[in-house]
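When a ligand or atom number is given, it counts from 1 through the structure's own listing order.
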Amino acid sequence: MIVWIHGFPLSSRVFSKQNVLPGFAPDLPGFGTAAAPPDQMTMDDYARHVLAAMDARKIDKAFLAGLSMGGYICFAIARIAPERMKGLILIDTRETPDTAEARKGRYETIENVKAKGVSVVVDAMLPKMLTAQAPPALVTEARQIMMSSSLSGVTAALKAMAERPDSTDTLRNIAVPALIVVGDADTITPPADAQRMAALAPKATLVTIRGAAHLSNMEQPDQFNKAVESFRGDR
Ligand code: MLT
């Protein structure tokens, strides 16, 4: 069983091409079909939301797969409830916190989104989500998923990401095996981030997906699903 934790500003729909694998993908507060979050959210709050969703489905232990912000949430779960993790799948993410400049940018984006709406973030991020070679239908799908994000979901997540802690020590001390996946053309969390994480995690497997940007699971599902299957098959 794999619990898929989506990134920002996305929803569980970003994992539709992983339906062939046994899994469950909750929507995070304010995204997809989930209710709006309270004003203040932290990565620990998102982690507790995922753990509650696992409880509701009676999933005691699972492979936790986090895409980008979903990866930040996996690190929070590793701190709060490591016993719920059978293994870790870190997809196009990083363990480091925001730089001061990135944090400042998040708060500016919050103001922009409040003034002009969610499309501000979608227009800025969509070109980096998929490669220029991605089929138009895939770009449309990614855009629809992103545009379905609510204003409160987006602003709460931006703040939580800005304030997220450094997870370097968390990753260094991960007891379970970790699969680290990255698109070779990801510019949001580039392959160098994945290589650094693979060097830190005690039991890491690094897989680079060819012809993919940030949403490597969506852009190259065959390569991606094979990597996950072989990681799970080995355990
Ligand atoms: C994501 O895809 O979840 C975001 O790009 C993560 C981030 O902005 O740090």
Donor-acceptor contacts under 3.5 Å from residues 134-147 side chains, at least two apart:
{"from": "Thr140", "atom 1": "OG1", "to": "Pro136", "atom 2": "O", "distance (Å)": "3.0"}
{"from": "Arg143", "atom 1": "NH1", "to": "Asp123", "atom 2": "OD1", "distance (Å)": "3.1"}
{"from": "Arg143", "atom 1": "NH2", "to": "Asp123", "atom 2": "OD1", "distance (Å)": "3.3"}

Would you say the side-chain atoms of Asn19 and Ser16 include a donor-acceptor pair closer than 3.5 Å?
no
Please give the N or O to N or O pairs under 3.5 Å between ligand 1 and the protein, distances rounded to 0.1 Å.
{"from": "ligand 1", "atom 1": "2 (O)", "to": "Phe8", "atom 2": "O", "distance (Å)": "3.3"}
{"from": "ligand 1", "atom 1": "2 (O)", "to": "Ser68", "atom 2": "OG", "distance (Å)": "2.9"}
{"from": "ligand 1", "atom 1": "2 (O)", "to": "His214", "atom 2": "NE2", "distance (Å)": "2.8"}
{"from": "ligand 1", "atom 1": "3 (O)", "to": "Phe8", "atom 2": "N", "distance (Å)": "2.7"}
{"from": "ligand 1", "atom 1": "3 (O)", "to": "Ser68", "atom 2": "OG", "distance (Å)": "3.1"}
{"from": "ligand 1", "atom 1": "3 (O)", "to": "Met69", "atom 2": "N", "distance (Å)": "2.8"}
{"from": "ligand 1", "atom 1": "8 (O)", "to": "Arg106", "atom 2": "NH1", "distance (Å)": "2.8"}
{"from": "ligand 1", "atom 1": "9 (O)", "to": "Tyr72", "atom 2": "OH", "distance (Å)": "2.6"}
{"from": "ligand 1", "atom 1": "9 (O)", "to": "Arg106", "atom 2": "NH2", "distance (Å)": "2.8"}

Pairs under 3.5 angstrom only: tabulate donor-acceptor contacts from the side chains of residues 56-72 to other protein residues two or more places apart or in another chain.
{"from": "Ser68", "atom 1": "OG", "to": "Asp92", "atom 2": "O", "distance (Å)": "3.4"}
{"from": "Ser68", "atom 1": "OG", "to": "His214", "atom 2": "NE2", "distance (Å)": "2.9"}

Begin with the C-alpha distance, continue with both residues' side-chain angles, and end with the deciding distance and a verdict on salt bridge (Lys or Arg N to Asp or Glu O under 4.0 Å) for Arg103 and Asp98.
CA-CA 6 Å; Arg103 190 172 304 126; Asp98 273 6; 5.5 Å; no
Residues two or more places apart in sequence or in another chain: which of them pass side chain to side chain donor-acceptor pair (under 3.5 Å) with Asn173?
none
Is it the case that the ring center of His6 lies less than 6.0 angstrom away from the ring center of Phe31?
yes
